[in-house]
Amino acid sequence: MFQGVFYMKPRISQLLQQSPGSEIVVAEGWVRTKRESKTVCFFELNDGSTLKGLQVVVDVETFGQPELLLRITTGAAIACTGKLVSSIGGNQEVELKADSIELFGEAPVDTYPLQKKRHTLEYLREIAHLRARTNTIGAVTRVRNVLSFAIHEFFQQKGFMYVHTPIISASDAEGAGEQFTVTTLDLANVPKTKNGSVDFSKDFFGKQTKLTVSGQLEGETYALAMKNIYTFGPTFRAENSNTKRHLAEFWMIEPEMAFCNLEENMAVAEEFLKFLFKRVLQRCDEDMRFFSQWVEKGVQDVLLKVIETPFVHMTYTDALVELEKANATFDYPVHWGSDLQTEHERFLTEQVCNGPVIVTDYPKEIKAFYMKLNDDDKTVRAMDVLVPRLGEIIGGSERESRLDVLERRMRALALNPEDYWWFLDLRRFGSAPHAGFGLGFERVVQYVTGMQNIRDVIPYPRAVKQADF
RNA sequence: UCCCCUGUAGCUCAGUCGGUAGAGCAGGUGGCUGUUAACCACCCUGUCGGCGGUUCAAGUCCGUCCGGGGGAGCCA
């Protein structure tokens, strides 16, 4: 079974699936809790491979070494050697009857921050370097891992190319939000030009550079060569936003497809989300039952229902009809042309549709310049996928592939076409209809797990005034 | 950035009308022939976020700063 040079000892997840036997096995991990009586002592051992750990049983009298047992406390790293036996207790099939235990690292009870009791997520954020050792964050970590892999599975099996768009961007205006500047200039002694502004020609790249807020524009260039591509990488926004669904550094998935219109774009988005949900239900059953019970009641059933139900399609104009009926209940009443607030999006997906809904064809004034203009000259081929509890989870569009229309739109928004010369070249040479969307990875993890705060679904959250660890 | 809430034992919280603090859990000791949120008994634990003010007296009232949470905006 293990043929590589590096011999992998079995993980606890594998041991838990084995039958009792006379073979000697070794289990390595961290002690979650210890229970002891006069003659018998139990450790629950966890190595991150599963939610529920392996019960290790020690016969106190035959084991001897009472001082060793005393030093093994919650948090200690140990390796236990013995046989897998069927368990007398009712909560597990097998357990490890330890003949010997090696203690690698103690976790002194008076200083170890994790106790064998439930902690709040807020407290765990303060000890983010240790929180992966908890049930909740461990489960999040496994789900996040499965989702990451599923993203590649979905696109790879559909023949999409994984493209790495740049993290450092020299584009003057990507237009998706405030950006972080990347510089090696001495901030205590910034070089200035004659008119007093910062002289970026002295900077590392010879011009001002920033961290990317989106790989879309570069993604489009590769879609118009490889046909179907996707990006999956870190994204940075310097917005001063302080909410439970925003981060300054987050991961984003951005597929881009040539010879593709908005209808096909919507179909891909729907199939993609459903694929991710299916994979998690298949491969993280134990963790998902945990989330369903303790974090968001019934979240498994919600995902199952989403998988089975076709997404509702609705134009912005039709959505407005629904919203205006209920205008009295809103803090911000809507009219045609106004942007949808969080309360409106949630009303549509939770009250009107009772499930995911894709809203399309928004007024051009409230959407980005690169979206394809409709024949009515008033709306663009944009789409937002809205889901209950979270609101917008995907934003996308068919792109404007007509050079003259795109240039006109840019001028109307006071953008300089020369700054986008390479982006416009795509429309000059071999232009084709194309479309794509962006999906915030952490928001998917949030939706799937039911975790309320986005800072708990990424290992080390970066947000306003927060860059610890 | 704006609005609201909040900061008390290691953790989660209570603390009335202003009179120098209390519970659960965690931890310790003892008990228990197999526990699994272990159980039973006893025990230990405090710069009440910082600074300033009002008062005979402040955890409590006022000001201010800092931290945390929720909502809004912006978005993914």
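The chains referred to below are lettered A, B, ... by the order of the sequence lines, with proteins before strands, and numbering in each begins at 1. Please read these numbers as outputs of a predicted model, since none were measured by experiment.
- Residue A:Lys244 places none of its side-chain N or O atoms closer than 4.0 Å to OP1 or OP2 of B:G70.
- Looking at heavy-atom distances under 4.0 Å, A:Glu392 makes contact with sugar-phosphate atoms alone, never a base.
- When distances are taken from the side chain of A:Gln115 to each of B:A76, B:C11, B:G34, the shortest belongs to B:C11.
- A gap of 46 Å separates the P atoms of B:G68 and B:G34, to the nearest Å.
- For B:C17 and B:C61, the P atoms lie 10 Å apart once the distance is rounded to whole Å.
- Below the 3.5 angstrom threshold, one finds no donor paired with an acceptor across the side chain of A:Glu122 and the base of B:G67.
- Among the nucleotides B:A72, B:G34, B:C74, the one closest to the side chain of A:His246 is B:C74.
- The nucleotide B:C48 finds no pairing partner, because no Watson-Crick or G-U wobble arrangement with both distances shorter than 3.5 Å includes it.
- For A:Lys38 against B:C32, no side-chain N or O and base N or O form a donor-acceptor pair under 3.5 Å.
- With B:G27, B:G34, B:A72 as the candidates, the nucleotide lying closest to the side chain of A:Arg245 is B:A72.
- The partner of B:G67 is B:U6, by the rule that a Watson-Crick or G-U pair needs both atom distances under 3.5 Å.
- The local environment of OH in A:Tyr222 is sparse, with at most 12 non-hydrogen atoms from other residues, nucleotides or ligands closer than 6.0 Å.
- Closest to the side chain of A:Ser87, out of B:U35, B:C75, B:G69, is B:U35.
- Spacing between atom CD of A:Glu343 and atom P of B:G70 amounts to 20 Å, rounded to whole angstrom units.
- Place A:Ser241 and A:Gly438 on RNA chain B by their nearest nucleotides, and A:Ser241 ends up nearer the 5' end.
- Among A:Asp318, A:Val352, A:Val334, the single residue meeting the side-chain contact (heavy atoms from CB on, under 4.5 Å) criterion with A:Leu323 is A:Val334.
- Aromatic ring centres of A:His313 and A:Phe311 lie farther apart than the 6.0 Å criterion allows.
- Among the protein residues, A:Ile393 comes within range of the sugar-phosphate backbone only, with heavy atoms under 4.0 Å from sugar or phosphate atoms but none that close to a base.
- Distances were taken from every side-chain heavy atom of A:Thr243 (C-beta onward) to each of B:A76, B:U12, B:G73; the shortest belongs to B:G73.
- If you check B:C13 for Watson-Crick or wobble pairing at under 3.5 angstrom, you find it paired to B:G22.
- Contact between the side-chain N/O atoms of A:Arg125 and the OP1/OP2 oxygens of B:G69 is found at a separation under 4.0 Å.
- The side-chain hydrogen bond (donor to acceptor under 3.5 Å, both in side chains) test with A:Lys367 singles out one residue from A:Asp384, A:Thr379, A:Asp339, and that residue is A:Asp384.
- In this structure, CG of A:Asp110 is placed 12 Å from P of B:G27, rounded to the nearest angstrom.
- Between B:U8 and B:U45, the two C1' atoms lie 13 Å apart (nearest whole Å).
- Residue A:Ser37 places no side-chain N or O under 4.0 Å from the OP1 or OP2 atom of B:U35.
- Among the protein residues, A:Glu95 comes within range of the nucleic acid bases, having at least one heavy atom under 4.0 Å from a base atom.
- Nucleotide B:C61: paired with B:G53 (Watson-Crick or G-U wobble, both distances less than 3.5 Å).
- Within the structure, every side-chain polar atom (N or O) of A:Thr33 is placed at least 4.0 Å from both OP1 and OP2 of B:A37.
- With distances taken from any side-chain atom of A:Lys117 to the nucleotides B:C25, B:A72, B:G34, the minimum falls on B:C25.
- If you take OH of A:Tyr123 and P of B:A26, they are 15 Å apart, rounded to a whole angstrom.
- B:C13 and B:G69: their P atoms are spaced 13 Å apart (whole Å).
- To the nearest whole angstrom, the two P atoms, one in B:G50 and one in B:U60, are 10 Å apart.
- Taking atom CD1 of A:Ile253 as the reference point, atom C1' of B:A76 lies 10 Å away to the nearest angstrom.
- If you take CE of A:Met451 and P of B:G69, they are 13 Å apart, rounded to a whole angstrom.
- Checking side-chain atoms of A:Arg144 against main-chain N and O of A:Val457 turns up a donor-acceptor pair under 3.5 Å.
- The CG-P distance, from A:Asp384 to B:C74, rounds to 12 Å in whole Å.
- Across the P atoms, B:C66 and B:C74 are found 27 Å apart, a figure rounded to whole Å.
- By the criterion of a centre-to-centre distance under 5.5 Å and near-parallel planes under 30°, the ring of A:Phe250 forms a stack with the base of B:A76.
- Going from the C1' atom of B:C51 to that of B:U12 covers 28 Å, rounded to whole Å.
- The CD-P distance, from A:Glu126 to B:U12, rounds to 8 Å in whole Å.
- Summary of the strand contacts: A:Asn240 and A:Lys52 both lie near RNA chain B, and taking for each the nucleotide with the nearest heavy atom, the more 5' one is attributed to A:Asn240.
- Across all strands, A:Asn453 comes closer than 4.0 Å only to sugar-phosphate atoms, never to a base (heavy-atom distances).
- With both pairing distances under 3.5 Å, B:A37 is matched to nothing as a Watson-Crick or G-U wobble pair.
- Listed nucleotides B:A37, B:C75, B:G69 differ in distance to A:Asp339; the shortest reach to its side chain belongs to B:C75.
- Looking at A:Arg142 and A:Glu286, their side chains never come closer than 4.5 Å, going by heavy atoms from C-beta outward.
- Contact annotation: side chain of A:Glu36 to base of B:U35, donor-acceptor pair absent below 3.5 Å.
- Between A:Phe236 and A:Glu249, the shortest heavy-atom contact is CE2-OE1, 3.3 Å.
- With distances taken from any side-chain atom of A:Ile454 to the nucleotides B:C32, B:A76, B:G70, the minimum falls on B:A76.
- Distance noted for atom P between B:U55 and B:G73: 46 Å (whole Å).
- Judged by atom type and distance alone, A:Gln92 reaches the base of B:U35 through a side-chain donor-acceptor pair under 3.5 Å.
- At a cut-off of 3.5 angstrom, the base of B:C11 holds no donor-acceptor pair with the side chain of A:His119.
- A side-chain contact (heavy atoms from CB on, under 4.5 Å) with A:Leu103 holds for exactly one of A:Val31, A:Leu68, A:Leu69; it is A:Leu68.
- A ring-centre distance under 6.0 Å is found for A:Phe232 and A:Phe441.
- OP1 or OP2 of B:G73 has at least one side-chain nitrogen or oxygen of A:Gln341 nearer than 4.0 Å.
- Spacing between atom CD of A:Glu254 and atom C1' of B:C75 amounts to 13 Å, rounded to whole angstrom units.
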